[in-house]
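These notes are about the structure you will find just below.
Per chain, numbering begins at 1; letters A, B, ... match sequence-line order. Just so you know, these numbers come straight off a predicted model, no measurement behind them.
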There are 2 protein chains.
Amino acid sequence: MSTDVLDATFAALADPTRRAILARLAAGEATVTELAAPFEMSQPAVSKHLKVLERAGLVSRGRDAQRRPCRLEARPLKAATDWLENYRDYWEESYQRLDALLTELKDRDARLPDPHADETAPAAGSRNPKPDGTPRTDGPGSRGA
Amino acid sequence: MSTDVLDATFAALADPTRRAILARLAAGEATVTELAAPFEMSQPAVSKHLKVLERAGLVSRGRDAQRRPCRLEARPLKAATDWLENYRDYWEESYQRLDALLTELKDRDARLPDPHADETAPAAGSRNPKPDGTPRTDGPGSRGA
DNA sequence: TCTTCAGATAACCCCTTAGTTAAATAACCG
DNA sequence: CGGTTATTTAACTAAGGGGTTATCTGAAGA
């Protein structure tokens with residue numbers, strides 16, 4: 001879970017073109033020209049994006065004659081999700097006010113000296129034990145054959 | 001869920017310093033100098049990072065005399081997580097081989113013409129209905145008072 | 001072999017980013 | 001008012017990102 005992985009992954013995801021490429025690859029392998037088609041940019045530009053995705057480990061490529069089919073490698077996305085998961089408690093709306101309250105009280109009580117918490121451990125709260133059963137809002141369509 | 005939000009959020013998360021800042025803020029509000037202390041860079045540099053985080057909506061700031069305490073605003077992280085959630089099926093190891101198989105079969109069967117899938121909808125699979133009960137590996141410490 | 005198709009590289013542009021130091025604000029403290 | 005503390009802004013450098021066009025490589029196929 002070295003920071004480099006997260007660096008590269010998040011950086012790769014920061015571009016809409018690259019996210020679109022990943023979305024396309026989620027539907028199955030595709031060649032560079034196939035991937036480039038939907039976009040208004042040149043093919044070399046897409047090649048560059050692919051290189052970024054490849055460096056981040058999000059895409060791997062095979063070989064079929066002169067074609068270099070790309071396929072999705074989603075594993076780094078797990079690292080990213082894992083990192084984000086530490087903050088799940090913080091975006092649950094219902095706790096936002098409680099959180100503000102706690103911070104204020106703590107602030108008033110004593111000025112806490114805690115200059116840094118490790119990057120990988122945001123000291124996630126004991127508030128939400130985690131596995132909430134919330135069903136995904138996005139409707140997963142049928143995939144594969 | 002405009003792409004701009006994801007752009008800014010993922011871009012903000014692509015820097016280890018900024019991720020560390022967020023981790024620190026998860027433990028409670030902090031002033032700029034408090035946030036800057038752990039790092040070897042100058043304080044203005046940290047201010048810049050904070051501005052990036054602020055622009056992404058990940059940090060908001062109050063005012064306490066000459067201090068401008070920063071607090072975590074985790075909502076954009078939900079958008080990021082939601083996007084990543086669409087790919088959850090793809091990183092479940094057990095399916096990697098099955099996926100490869102399916103793609104190959106489909107490829108052999110007929111060359112599918114599906115140039116682009118929308119960015120927000122990677123056509124997530126019907127394979128994994130989703131709410132897996134996997135407990136988080138990171139140990140959430142106690143938080144708040 | 002000559003051609004064509006599929007991608008990769010190169011060389012270049014422009015703009016952003018991450019960092020620096022130094023100076024400007026802004027609010028408190030005496 | 002004058003000084004100290006906290007933070008922002010300015011000006012600058014070095015590096016990298018995203019895009020372009022033009023050129024090179026490499027495999028297929030006539």
Side-chain angles (χ1 to χ4, degrees), chain A residues 3-4 6-22 24-25 28-56 58-71 107 111-113 115 119, chain B residues 3-4 6-22 24-25 28-56 58-71 107 111-113 115 119:
Chain A
T3 97
D4 308 10
L6 290 176
D7 284 13
T9 303
F10 282 131
L13 296 181
D15 186 286
T17 301
R18 288 193 291 262
R19 290 198 303 275
I21 288 175
L22 291 182
R24 167 62 185 81
L25 288 180
E29 290 194 358
T31 69
V32 176
T33 33
E34 280 167 359
L35 288 173
F39 302 104
E40 292 210 329
M41 70 188 79
S42 65
Q43 174 266 312
V46 173
S47 264
K48 278 194 182 182
H49 283 301
L50 284 173
K51 194 153 27 177
V52 172
L53 290 169
E54 211 176 355
R55 255 193 359 189
L58 287 163
V59 153
S60 68
R61 354 194 32 169
R63 172 153 286 176
D64 164 25
Q66 62 261 127
R67 257 148 261 135
R68 272 156 205 71
C70 305
R71 64 179 292 106
D107 198 8
R111 204 112 209 165
L112 81 163
E119 182 192 331
Chain B
T3 97
D4 307 9
L6 290 176
D7 285 12
T9 303
F10 282 132
L13 296 181
D15 186 288
T17 302
R18 288 193 290 261
R19 289 197 304 275
I21 288 176
L22 291 182
R24 168 60 185 81
L25 289 179
E29 290 195 358
T31 70
V32 177
T33 32
E34 279 168 0
L35 289 173
F39 302 105
E40 291 209 330
M41 71 188 79
S42 65
Q43 177 267 315
V46 173
S47 263
K48 280 194 181 182
H49 282 301
L50 284 172
K51 197 153 26 178
V52 172
L53 290 168
E54 211 177 354
R55 255 193 0 189
L58 286 164
V59 152
S60 67
R61 352 192 38 167
R63 172 152 285 174
D64 163 26
Q66 62 262 127
R67 258 148 260 137
R68 272 155 204 69
C70 306
R71 65 179 293 108
D107 196 9
R111 204 113 209 165
L112 79 163
E119 181 192 331

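Residue A:Arg67 contributes atom CZ, which lies 12 Å from atom P of C:dC5 at whole-angstrom precision. As rounded to whole Å, 12 Å separates atom C1' of C:dT21 from atom CD of B:Gln43.
At least one side-chain heavy atom of A:Leu13 sits under 4.5 Å from a side-chain heavy atom of A:Leu22. Counting heavy atoms from C-beta on, the side chains of A:Arg61 and A:Leu50 come closer than 4.5 Å. Side-chain atoms of B:Val46 and B:Ile21, non-hydrogen and from C-beta on, do get closer than 4.5 Å to each other.
Of the possible polar contacts, one joining the A:Arg18 side chain to the A:Ala12 backbone as a donor-acceptor pair under 3.5 Å is found.
Between B:Val32 and B:Ser47 the shortest heavy-atom distance is CG1-OG, 3.9 Å. Between A:Leu35 and A:Cys70, the shortest heavy-atom distance links the atoms CD1-SG, 4.0 Å. Residues B:Asp15 and B:Thr17 approach most closely at OD1-N, 2.7 Å, considering heavy atoms.
With a heavy-atom cut-off of 4.0 Å to chain A, the contacted part of DNA chain D has its first and last nucleotide at D:dG18 to D:dA28.
In this structure, A:Arg67 CZ and A:Thr31 OG1 are separated by 7.5 Å, a value rounded to the nearest 0.5 Å. Note that CZ of A:Arg24 is 10.0 Å distant from CD of A:Glu29, once rounded to the nearest 0.5 Å.
An OP1 or OP2 oxygen of C:dT9 is reached within less than 4.0 angstrom by no side-chain nitrogen or oxygen of A:Ser47.
Each of A:Ala30 and B:Glu40 lies near DNA chain C, and the nucleotide nearest A:Ala30 is the one positioned closer to the 5' end.
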**Request:** At under 4.0 Å between heavy atoms, which parts of nucleotides 25-30 of chain C does protein reach? Answer with one letter per nucleotide, 5' to 3': B base, S sugar-phosphate only, - none.
**Result:** --BS--
List, with names and distances, any nitrogen or oxygen atoms from the protein found under 3.5 Å away from nitrogen or oxygen atoms belonging to nucleotides 16-19 of chain C.
| from | atom 1 | to | atom 2 | distance (Å) |
| --- | --- | --- | --- | --- |
| C:dA18 | OP1 | B:Arg18 | NH1 | 3.3 |
| C:dA18 | OP1 | B:Arg18 | NH2 | 3.0 |
| C:dA18 | OP2 | B:Arg18 | NH1 | 3.1 |
| C:dG19 | OP2 | B:His49 | NE2 | 2.2 |
| C:dG19 | N7 | B:Lys48 | NZ | 3.0 |
| C:dG19 | O6 | B:Lys48 | NZ | 2.1 |

**Request:** Report the C-alpha separation of A:Asp7 and B:Arg19 in whole Å, then their side-chain angles, then the decisive distance to 0.1 Å, and conclude whether the side chain to side chain contact (heavy atoms under 4.5 Å, CB included) test is met.
**Result:** CA-CA 10 Å; A:Asp7 284 13; B:Arg19 289 197 304 275; 2.7 Å; yes
